Asker: 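Handing you this structure, nothing more for now.
Model, not experiment: these values are computed from the prediction.
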Amino acid sequence: MHEMGIVDGVLSTVRATVQHEGATRAVGVTLRIGDMTEVVRESLDFAWEVLREEDPQTAACELTVEEVHPHSVCRACGNEFDHDVRHLRCPACGSGDTRLVHGRDLDIVSVEIETPD
Ligand SMILES: [Zn+2]
């Protein structure tokens, strides 16, 4: 499952942040995920619930996901447009020569940590 690998990578970054900041544990992480990545939200949440338990530093860490809808620019006429995952043609001129600007994002926006008093 593709989502297991994603969650594993995110948790490594979260653990590294906790250690780097001298924190006790992470309490929240926000991800930005593009629609074009085809990440299945249910699978992601499941992988998160399972894998975060493996380390006390991440066991109580809540996952928040910001969805990013696809946005492209047309190489033929320069039009910028939002679209869904199946409609990539430029609505202004009908060209299929477009470049995706947003939609394949898979970024960690922020990690919330708890520091010792
Ligand atoms: Zn166009």
Asker: List the residues meeting side chain to side chain donor-acceptor pair (under 3.5 Å) with Gln19, not counting sequence neighbours, and say none if there are none.
Answerer: Gln57
Asker: Please list all pairs meeting salt bridge (charged side-chain N to carboxylate O under 4.0 Å, His left out) that have one or both residues in residues 84-95, counting only residues at least two apart or in different chains.
Answerer: none
Asker: If you measure from CD on Glu80 to SG on Cys90, what distance do you get to the nearest 0.5 Å?
Answerer: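 It is 10.5 Å, given to the nearest 0.5 Å.
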Asker: Tell me, please, which residues at least two apart from Arg41 pass side chain to side chain donor-acceptor pair (under 3.5 Å).
Answerer: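 Per chain and number, Arg41 pairs via side chain to side chain donor-acceptor pair (under 3.5 Å) with Asp45.
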Asker: Do the non-hydrogen side-chain atoms of Asn79 and Pro91 ever get within less than 4.5 Å of each other?
Answerer: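 With C-beta onward as the side chain, the pair touches.
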Asker: Please report the closest heavy-atom contact between Val73 and Gly78, naming both atoms and the distance.
Answerer: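 Smallest heavy-atom distance, with atoms named: CG2-O, 3.9 Å.
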Asker: CG of Leu11 to CG of Leu63: how many Å apart, nearest 0.5 Å?
Answerer: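 Separation between the atoms: 9.0 Å.
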Asker: Show your working on side-chain contact (heavy atoms from CB on, under 4.5 Å) between Leu31 and Trp48 and close with a plain yes or no.
Answerer: CA-CA 12 Å; Leu31 303 183; Trp48 186 260; 5.9 Å; no
Asker: Look up atom CD in Glu67 and atom CG in Asp35, then write down how far apart they are to the nearest 0.5 Å.
Answerer: 6.0 Å
Asker: According to side chain to side chain donor-acceptor pair (under 3.5 Å), who are the partners of Asp97, at least two apart in sequence or on a separate chain?
Answerer: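 Partners of Asp97 by the side chain to side chain donor-acceptor pair (under 3.5 Å) criterion, ordered by chain and then number, come out as Arg75.
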Asker: Please report the closest heavy-atom contact between Cys74 and Thr98, naming both atoms and the distance.
Answerer: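 Shortest heavy-atom contact: CA-CG2, 4.0 Å.
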Asker: Go through the steps to decide whether Ile6 and Val39 satisfy the test side-chain contact (heavy atoms from CB on, under 4.5 Å), and finish with yes or no.
Answerer: CA-CA 9 Å; Ile6 294 170; Val39 168; 3.6 Å; yes
Asker: Do the side chains of Ile108 and Leu51 join up, straight or via other hydrophobic residues, at under 4.5 Å, putting them in one cluster?
Answerer: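 Per the 4.5 Å side-chain linkage, Ile108 and Leu51 are co-clustered.
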Asker: Strictly by ring-ring contact (aromatic ring centres under 6.0 Å, His included), give each pair with a member in residues 55-82 just once, sequence neighbours left out.
Answerer: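 Output for this query lists Phe81-His83.
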Asker: Enumerate the residue pairs fulfilling side-chain hydrogen bond (donor to acceptor under 3.5 Å, both in side chains) with a member in residues 6-17, sequence neighbours excluded, ordered by first and then second residue.
Answerer: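 For residues 6-17, and leaving out neighbouring residues, there are no side-chain hydrogen bond (donor to acceptor under 3.5 Å, both in side chains) pairs at all.
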Asker: Leu44 and side chain to side chain contact (heavy atoms under 4.5 Å, CB included): which single residue from Glu49, Glu3, Met4 fits?
Answerer: Glu3
Asker: According to a hydrophobic-cluster definition based on side-chain heavy atoms being under 4.5 Å apart (Ile, Leu, Val, Met, Phe, Trp, Tyr only), do Val65 and Val50 belong together?
Answerer: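 Yes, Val65 connects to Val50 through the hydrophobic network.
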Asker: Under a 4.5 Å side-chain heavy-atom rule over Ile, Leu, Val, Met, Phe, Trp and Tyr, are Leu100 and Val85 clustered together?
Answerer: yes
Asker: Applying the side chain to side chain contact (heavy atoms under 4.5 Å, CB included) criterion to Met36, which one of Leu88, Leu106, Asp105, Val68 satisfies it?
Answerer: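 Only one option passes, and that is Leu88.
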Asker: Rounded to the nearest 0.5 Å, what separates atom CD in Glu21 from atom CD in Glu114?
Answerer: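 Atom-to-atom, Glu21:CD and Glu114:CD are 14.0 Å apart.
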Asker: Say you draw a straight line from CD of Glu112 to OG1 of Thr30; how long is it, rounded to the nearest 0.5 Å?
Answerer: 6.5 Å
